[in-house]
Amino acid sequence: MINEIGGISKMTERVGRIIPGTEDQFLLIGSRLGKVHADVENISKQASRLVGLLDSSAMKGTIAQFRDVMGQLERYVERLHQRFESGHASLQDVGSAVSDVGTPMANFRKIVKKLKILGISTKIESAQLKKMEVDFVNLAADVEQLSELIRDKSAAIEKHREGLMAFARSTLSKISHINRKSRSFTSAALGDINESICVLEDRNELSFNTADSILGRSHAMSAQVGKVVMSMQFHDITRQQIEHIVDVLKTLETRGRNAAGFSEGGENGAMMAEAIVVSELQKAQLVDARDKFVKAVRVIMDNLRGISANIAGIIDEIQKMTGATGTSSDNFLSNIEAATGQVMDKIHSGKRAEEEFGEAMTELSTAVSTISNLVDDIEEIGEEIELIAINARVKAARTGEEGAPLVVIAEAIWHLSLDATSQKSVISGLLKKVVSATEGLQAAAVKEGPDTDASGTIAELAGIVEGLRKMKGDVARLVAEIGSDSRNLSELIGETISDITVHNDLEDDIADICRMFDEFTVQSRQTVTQAEIEEARRKSFEYIEGNYTMQRERAIHCSLASNVIPMDSRVKDRAPGPEIFEETAGPGDLGDNVELF
């Protein structure tokens, strides 16, 4: 039986080499796990700082600023609207007044024709009165000259009136265009502000959800790190179980060498049967140790992958919240900053439109103010007609009965002067109405006080832009740090997972050892009967069971050997561990010698 003892010795030696072959990899995993834990904590803190930058208080402050700007813009728009409405009404008043001057000016043109006729009649009648010829010739010349004066003056007034009408229409069109442009600018500005507020409010809500999600992922990663730590402890559990196997095999070898008559005699069969049963028990213990070890290593790898997935999830949450892609700072803060800058540009454009409005109103007001000169011209025409009428009546009175036709002409000139005076009063009143209407233009052209609304709005927006720019810089730095650290951590985890082959190596080693156990059992069974084997199964092997420190070892023993001795006091005092390994090790599974690699 020396060969069987040699086989037990070889199995003992092979089993003893299992654990030393795994220690280097577990030391490497342990050292990297410390780095993983530190990186996880750091990324969690960075993510929390990022959420803090975009938390509700910061968002609400910016939203409040935007709402204040909205109020300023609305006041600014209302003031612009009132100013444009006032200017538009004044322009219509001016246009209407200038248009009304046209009717009495047409009557003046009729007066010119009548004066020409009266001038000719005066010449004819004066030719029949030799003694008064010179006076009436002069009167006729005065009437003719007056008709030309009225014609020239009325033509000048009409030309000026038409020019003013065209200018008023042009200015009205220009003002309407400026008003539409200003409304477009301010409406767009209000729209951009509203859009920015909506984005901020969405991000405000999203920041709460993201904070909860990141916190949840951080807790999950901490739990996963804990599971890795617990799974690492199964290396020591496996070492204990394998050490027990080695101790049993060594004892079996010693018992075989020391047993009297091992090679021959009646004890030979009993000893060989014991060796078969013990080897079957140790193979079962070895397979159980392998299964627990392999499962623990896979739990380590799965949890490392889970940590990597949670890191990717945090990055995804951050990118959703900031609108960023990767480590880019082109995020929603950039969009709001750009929109705010556009609002400032629109307000500047609105101010320029307002200045154009003022310039146009001033220009038209200046042009209309010249109408006062026309009032003087009309007054002068009226005085000239009245003077000639009086002169004609005086001259006609001197002619006696012979100058009766001239009396008729003089009366006609007088009545014409009365008509001219009436038209002069109408035109003068209308022209004064035009002058009065220009006061509305001047009021519309002049701003009422400093432009505090626009200036305050621009200052407020500049402050918001500066705050957004600082926030954007801080966010960009944190996003870049988190992205960089996450990539490094993912690479470390990936390398660690790739380097973990210890479970495969252990499976291969134990598969070889199991074949050795099988070969030993097959060979040994040829020397013993089945009855001897069954008898051996009923025996109590105190030297085996006394080594057990885990309930799982006893459960395996019970499955193969029917007679199991009670646990000794040392084992009974120890809290039992779980019978079946799931994912984590209970404190009762760690035995007397727990070491974390």
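You'll find the side chain of Asp518 stays beyond 4.5 Å of the side chain of Gln523, heavy atoms only. Met11 has its side chain within reach of Ile8: a pair of non-hydrogen atoms, C-beta onward, lies under 4.5 Å apart. The shortest side-chain heavy-atom distance between Glu507 and Arg290 falls under the 4.5 Å cut-off. Looking only at side-chain heavy atoms (C-beta outward), Leu252 and Gln282 stay at 4.5 Å or farther from each other. Counting only heavy atoms from C-beta outward, the side chains of Leu249 and Glu253 never approach each other to under 4.5 Å. Side chains of Ile513 and Ile18 form a contact here, defined as non-hydrogen atoms less than 4.5 Å apart.
For the side chain to side chain contact (heavy atoms under 4.5 Å, CB included) test with Val40, the passing option among Asn42, Ile43, Val36 is Val36; the others fail. Residue Gln224 is tested with Asn310, Asn303, Asp302 for a side-chain hydrogen bond (donor to acceptor under 3.5 Å, both in side chains); the sole match is Asn310. Between Thr22 and the options His503, Arg239, His235, a side-chain hydrogen bond (donor to acceptor under 3.5 Å, both in side chains) holds for only His235.
Salt bridge Arg537/Glu274: absent, no basic N to carboxylate O contact under 4.0 Å. Ionic pairing of Lys292 and Asp288 is present here: one or more N-O contacts between side-chain nitrogen and carboxylate oxygen are shorter than 4.0 angstrom. Between Asp474 and Arg49 no salt bridge is recorded (no basic side-chain N to carboxylate O distance below 4.0 Å). Salt bridge Asp247/Lys250: absent, no basic N to carboxylate O contact under 4.0 Å. At a threshold of 4.0 Å, the pair Arg17-Asp509 does not count as salt-bridged, since none of the basic side-chain nitrogens sits closer than that to a carboxylate oxygen. Between Glu495 and Lys35 no salt bridge is recorded (no basic side-chain N to carboxylate O distance below 4.0 Å).
When only modelled atom types and interatomic distance are considered, Gln241 and Glu553 share no side-chain donor-acceptor pair under 3.5 Å. Judged by distance alone, the side chains of Asp499 and Gln25 never bring a donor and an acceptor atom under 3.5 Å apart. Counted by atom type alone, Asn488 and Asp39 present zero donor-acceptor pairs between their side chains at under 3.5 Å. Side chain to side chain, Gln530 and Glu534 meet the donor-acceptor criterion of an N or O pair below 3.5 Å.
With values rounded to the nearest 0.5 angstrom, Ile237 atom CD1 is found 12.5 Å from Met232 atom CE. Distance CD1/Ile19 to CD1/Ile242: 4.0 Å, rounded to 0.5 Å.
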>> I'd like to know whether Phe234 forms a ring-ring contact (aromatic ring centres under 6.0 Å, His included) with Phe26, so could you lay out the CA-CA distance, the side-chain angles of the two residues, the decisive distance to 0.1 Å, and finally the verdict.
In response: CA-CA 11 Å; Phe234 274 98; Phe26 264 76; over 10 Å; no
